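Fair warning: this is a prediction, and the values are worked out from it, not measured in the lab. In what follows, chains carry the letters A, B, and so on, assigned in the order in which the sequence lines appear, proteins first and then strands, with residues in each chain numbered from 1.
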Number of protein chains: 4
Amino acid sequence: MAPNAARRSESSRKAILAATAELCGENGYARLTIEAIAARAGVSKKTIYRWWPSKGAVVLELLDQTATIAIEPPDSGDLATDLRTLLTEVIGMLTPPETSPGIGLIAEALHDPDLARELRERLIRPRIATFKQRLRRAQDAGQLSPDADLDVALDLLYGPLYHRMVFHLGMPDPSYLDSLIAHTLRALTPPRH
Amino acid sequence: MAPNAARRSESSRKAILAATAELCGENGYARLTIEAIAARAGVSKKTIYRWWPSKGAVVLELLDQTATIAIEPPDSGDLATDLRTLLTEVIGMLTPPETSPGIGLIAEALHDPDLARELRERLIRPRIATFKQRLRRAQDAGQLSPDADLDVALDLLYGPLYHRMVFHLGMPDPSYLDSLIAHTLRALTPPRH
Amino acid sequence: MAPNAARRSESSRKAILAATAELCGENGYARLTIEAIAARAGVSKKTIYRWWPSKGAVVLELLDQTATIAIEPPDSGDLATDLRTLLTEVIGMLTPPETSPGIGLIAEALHDPDLARELRERLIRPRIATFKQRLRRAQDAGQLSPDADLDVALDLLYGPLYHRMVFHLGMPDPSYLDSLIAHTLRALTPPRH
Amino acid sequence: MAPNAARRSESSRKAILAATAELCGENGYARLTIEAIAARAGVSKKTIYRWWPSKGAVVLELLDQTATIAIEPPDSGDLATDLRTLLTEVIGMLTPPETSPGIGLIAEALHDPDLARELRERLIRPRIATFKQRLRRAQDAGQLSPDADLDVALDLLYGPLYHRMVFHLGMPDPSYLDSLIAHTLRALTPPRH
DNA sequence: TCTTAAACGAGACGGTACGTCGGGTCTTAGG
DNA sequence: CCTAAGACCCGACGTACCGTCTCGTTTAAGA
């Protein structure tokens with residue numbers, strides 16, 4: 001067998017992600033450039049392009065590593081509390097709007113289907129699963145109407161976040177969050193008779 | 001009295017917007033360039049920069065002129081029908097995702113607060129007002145709970161659109177739209193007792 | 001007389017030349033622009049282009065008005081003194097090198113034959129005539145060799161000025177000037193035998 | 001040892017100088033642009049700006065490479081012949097006036113001291129040295145007056161070239177050249193007694 | 001332990017587009 | 001008709017990044 005190839009440099013990888021985080025925090029995603037990342041990380045551009053296809057992919061990996069949102073759904077016993085927990089974690093990823101890598105990534109994904117797919121698969125889908133698990137448990141316990149559409153529930157709860165983000169309306173404050181959750185639960189709850 | 005200034009050329013303005021529409025349709029917002037607009041419109045770059053601060057501003061004006069969504073709220077008698085009408089019109093503005101000026105504009109607005117404000121004021125706010133008028137009429141007629149939060153209603157109905165757009169999930173099909181509206185109305189309707 | 005057509009505005013002409021002089025003195029000929037002249041003079045660009053074909057032509061007219069070099073040849077009795085007088089006046093027109101309209105004009109004339117011709121006819125030729133008159137008088141008086149070529153004399157005396165100007169060598173100081181004149185006179189003087 | 005930097009591309013350098021020579025010959029120095037050079041050479045503008053500060057610097061390098069004027073002074077035995085040889089070579093560099101890079105460079109140097117210095121150091125000074133060597137040899141041989149000022153001699157011989165060039169008078173023809181040299185030598189020759 | 005092929009830093013390269021400047025022409029309204 | 005104001009088309013400017021491509025230089029696996 002041929003002598004093995006040299007291996008990827010872990011220290012470069014770390015330096016690149018660190019530089020990306022710094023620069024994104026300093027200037028925002030839109031002003032982030034591969035050139036600047038390479039310079040800050042003390043790395044050649046080639047090294048970046050060797051391992052990532054685009055700026056977005058680098059940021060995605062950064063976000064993937066940074067994301068702290070639990071994969072395990074919370075279960076405090078109270079559904080509303082748990083939903084608030086989950087929403088709050090997502091809001092954290094989209095804050096502050098000016099320099100959040102998350103928002104930049106979303107903007108990029110809007111005209112980059114490949115990146116969008118990656119984003120969906122690696123970051124979003126696991127959290128959606130978490131969210132649905134929690135809802136299904138509630139449904140099984142009879143807290144939600146048996147015919148409630150959980151996909152709609154996802155849209156009803158997370159949609160408003162993106163809606164507000166798009167128009168720079170600021171992220172929902174706690175009381176608005178409560179109102180949002182209350183309305184949504186009402187939509188999912190079996191009508192009393 | 002001082003002699004008057006030279007006037008803005010209406011024909012240039014039209015040519016620029018037309019070129020923008022064409023190019024956006026051909027290559028999508030992300031690949032749209034001021035250079036290309038100028039070339040296609042037979043106009044100098046200077047003329048574009050004289051009247052618009054950025055590519056986004058041009059597209060915004062284009063969209064503003066193109067938007068056909070009624071300012072007057074529809075009133076067919078059936079609330080669900082009217083809401084579906086409004087949502088459908090918004091969906092039209094965001095379709096097709098690859099070449100829609102609307103989606104490009106939203107992506108840009110995500111890291112351009114000035115553009116976001118303009119977008120909100122000139123395009124979105126009037127339609128929100130329309131939407132709320134229709135809801136308030138329903139509320140007055142007792143079709144909605146008197147304490148229903150109309151801001152939340154807005155988020156519940158429009159939020160999902162952005163949510164799906166962000167992740168390239170495709171716009172809701174009619175049956176999904178019905179489900180969405182039904183759930184939302186349930187959230188806004190006084191519980192039967 | 002008929003209530004006549006509007007005539008060329010003398011005040012505009014003066015303002016334009018004044019602005020040109022100021023700006024040339026401030027930034028040098030190379031950074032002089034028609035735009036700036038128009039703005040400073042409170043005049044429209046059109047008005048400048050109506051009366052002058054180019055920046056060079058404006059500066060030429062400015063120089064023409066400003067030139068103080070006597071058309072009448074000096075005659076102090078001493079030929080060397082008079083030549084020094086004439087040379088000194090030309091040097092004055094080419095000083096300071098950074099902001100002298102004269103040097104700028106010369107640079108422009110190097111690739112603008114039309115301007116070069118104008119420059120020759122309006123500014124240079126009269127001074128050449130003056131110069132030659134003085135030399136011819138000396139020749140008639142037997143101070144110069146009867147077969148001395150006065151065209152060569154012109155080149156010998158004025159050529160060095162341009163030579164030094166081109167290479168930013170600084171204009172000749174008085175003692176160098178004396179040496180130059182002495183050598184030239186020797187070239188023009190009948191050899192003693 | 002530090003890893004080496006990427007090396008300058010010799011082929012680009014040659015293509016740039018070749019394109020410059022062509023374009024200058026076609027349209028003249030004044031209409032020469034960096035854009036056109038880059039396009040003709042199949043090179044990016046950045047590559048030009050990376051290695052030269054201005055259009056003038058490119059042309060200077062071109063001229064430097066092209067210049068064929070001997071550094072070794074000619075010595076045919078006859079001083080006048082050798083001077084004519086030297087002058088003729090300089091005239092060649094300034095011909096034809098419309099498209100000669102040399103003249104364009106001189107025009108530019110008139111308002112660019114940096115370029116003027118480069119021009120002086122790299123192109124002119126070596127030829128001046130050549131010129132003076134030849135004169136000094138003649139002086140040592142007693143053909144010139146021991147107190148003749150060789151700097152003045154330089155001005156007397158080369159000055160007229162620039163003088164005529166400036167006013168588009170055409171370069172001296174051979175007979176004029178002879179007259180010029182004859183007069184100059186007379187100025188430098190010990191008076192016979 | 002030595003070989004060797006890959007990954008690496010550095011950064012030059014051909015490009016595309018940027019946003020700005022000034023040129024010279026044209027239009028509008030006032031005097 | 002001349003003028004001030006200034007918009008217009010045009011073309012070049014010099015800059016910023018893109019993504020690709022050598023260059024030598026580590027460096028770590030396997031022979």
Under a 4.0 Å threshold between the charged nitrogen and the carboxylate oxygen, would D/R40 count as salt-bridged to D/E26?
yes
By nearest nucleotide on DNA chain E, pick out whichever of D/E35 and C/Y49 is the more 5' one.
D/E35
B/W52 CH2 - F/dC8 P separation (whole Å):
9 Å
In whole angstrom, what separates D/K46's NZ from F/dC18's C1'?
11 Å
For B/E10 and F/dC8, give me the distance from atom CD to atom P, rounded to whole Å.
11 Å
Could you tell me how far apart C/I16 (CD1) and F/dT3 (C1') are, to the nearest whole angstrom?
11 Å
Between D/T47 and E/dG14, is there a side-chain N or O to OP1/OP2 distance below 4.0 Å?
yes
Short side-chain to backbone donor-acceptor contact, B/T47 and B/V43, under 3.5 Å
no
By nearest-nucleotide position on DNA chain E, the 5'-leaning member of C/T33 and B/L32 is B/L32
State whether the distance check finds a donor on one side and an acceptor on the other, under 3.5 Å, for side chain B/K45 versus base E/dG19.
yes
Looking at NZ of D/K55 and CG of D/D112, how far apart are the two atoms once the value is rounded to the nearest 0.5 Å?
11.5 Å
In this structure, how many angstroms lie between the P atom of E/dT25 and the CD1 atom of C/I48, rounded?
13 Å
F/dA16 C1' sits how many Å from A/K55 NZ, rounded?
13 Å
Between B/S12 and D/I34, which residue's closest nucleotide on DNA chain F lies nearer the 5′ terminus?
B/S12
Interatomic distance, B/L23 CG vs E/dA17 P [rounded to whole Å]
11 Å
For DNA chain F, whose closest nucleotide is more 5', that of D/P53 or that of C/R50?
C/R50
Quickly work out the A/R7 CZ to F/dT27 P distance and round it to whole Å.
17 Å
Across the strands shown, which category fits B/W51 at heavy-atom distances under 4.0 angstrom: base, sugar-phosphate, nothing?
sugar-phosphate
Mind checking the NE2-CD1 spacing from B/H111 to A/I103? Nearest 0.5 Å is all I need.
10.5 Å
Rounded to the nearest 0.5 Å, how far apart are CG of A/L23 and CG of A/L32?
6.0 Å
